[in-house]
Amino acid sequence: MSTKINFDDLTFDKFRELARTEGLSHHEKVGFPNEYREGKEAAIFQDMLAKMRSLQASGCVALEIGPGCSQLPVMLADHCAARGGAVHFVDSAEMLDQLPSAPHVHKWPGRYPQVDGMFERLTGQVDAIVAYSVIQYVFAEGNLWDFVDRSLALLKDGGELFMGDIPNTTMRKRFFASNEGIATHKRFTGRDELPEVRWNQLETSRIDDSVVLGILARARAEGYHAWVVPQREDLPMSNRREDILIRKP
Ligand SMILES: C[S@@+](CC[C@H](N)C(=O)[O-])C[C@H]1O[C@@H](n2cnc3c(N)ncnc32)[C@H](O)[C@@H]1O
């Protein structure tokens, strides 16, 4: 099935369509070919847990923005339930409909941050916010600064915002310009050719180093600790994606 899906240039509305499409796996519904995600979700969740101390809080209140419908949000919901906490999910109604319901699971259909009533309810109340493989879509079709600022306002003292799996085009170029990247490209294509790496190129709607480092600068200027952190090496795109962790002191 994955060969028929165009995973390029996905948008919030295209994700809604994917969620409604019969016959797709849950990986495909959230925009990934099966081979990128199959058997990897536990490792992704463990990597997130290792980075986010806020998820260990007893009674932990978590918010996941763009949970999609894979096993990751289910793992997060189970994790919060085991600590006597709760989880809030914001995504399209089509995606949220595919996630299990339970008393500790709150579903907010909408395109974050345009979600009626959520900010009134959760401002200053959240231990842990997760947006995994999501901010590239907000960067391309929304207002990333509004996304960051409004998310930070939801955190309790000690709370954390984790923006994971960020595709960074400059990180990708650094990788494919390296010996390891060249060898990976040759193995993948089966051809003895160099990957194309073009540094001085306008890349509309794509996140690069300037955006990643700009998020850190803004969060730090607003009084939050902020770091870029590498992904575990066994994660599917760790050679070209990275994570940002922001903590309210
Ligand atoms: C690539 S999928 C990632 C899903 C999940 N986090 C994962 O890693 O398996 C991106 C998800 O973000 C959602 N999304 C994109 N923009 C959003 C927004 N502004 N507000 C809420 N959800 C959004 C999409 O509907 C989709 O479910």
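Counting starts at 1 for both ligands and their atoms, in listed order. Please read these numbers as outputs of a predicted model, since none were measured by experiment. Scope of the values below: all heavy atoms of this structure, side chains included, with no hydrogens, waters or symmetry mates.
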Geometric cation-pi criterion, R150 with F119: 6.0 Å, 45°: yes
Does K107 form a salt bridge (charged side-chain N to carboxylate O under 4.0 Å, His left out) with D97? I'd like the steps, not just the answer. CA-CA 9 Å; K107 297 181 181 180; D97 282 349; 5.7 Å; no
Any pair counted as side-chain hydrogen bond (donor to acceptor under 3.5 Å, both in side chains), so long as it reaches residues 154-165, sequence neighbours left out: S54-E160, D127-K156, S133-D165, E160-R247, D165-Q231, D165-R241
Identify, with sequence neighbours excluded, every residue that meets salt bridge (Lys or Arg N to Asp or Glu O under 4.0 Å) alongside D209. R174
By ring-ring contact (aromatic ring centres under 6.0 Å, His included), which residues pair with H225, not counting sequence neighbours? W227
Distance dump, ligand 1 polar atoms to protein, N/O, under 3.5 Å:
unit_1: ligand 1; atom_1: 6 (N); unit_2: G66; atom_2: O; d: 2.8
unit_1: ligand 1; atom_1: 6 (N); unit_2: Y132; atom_2: O; d: 2.8
unit_1: ligand 1; atom_1: 8 (O); unit_2: R37; atom_2: NH2; d: 2.9
unit_1: ligand 1; atom_1: 8 (O); unit_2: Y132; atom_2: O; d: 3.4
unit_1: ligand 1; atom_1: 9 (O); unit_2: R37; atom_2: NH1; d: 2.9
unit_1: ligand 1; atom_1: 9 (O); unit_2: S70; atom_2: OG; d: 3.3
unit_1: ligand 1; atom_1: 19 (N); unit_2: Y112; atom_2: O; d: 3.0
unit_1: ligand 1; atom_1: 20 (N); unit_2: Y112; atom_2: N; d: 2.9
unit_1: ligand 1; atom_1: 25 (O); unit_2: D91; atom_2: OD1; d: 2.7
unit_1: ligand 1; atom_1: 27 (O); unit_2: D91; atom_2: OD2; d: 2.7

Parallel, tilted or perpendicular, as decided by the 30° and 60° cut-offs, for the rings of Y137 and F15: perpendicular
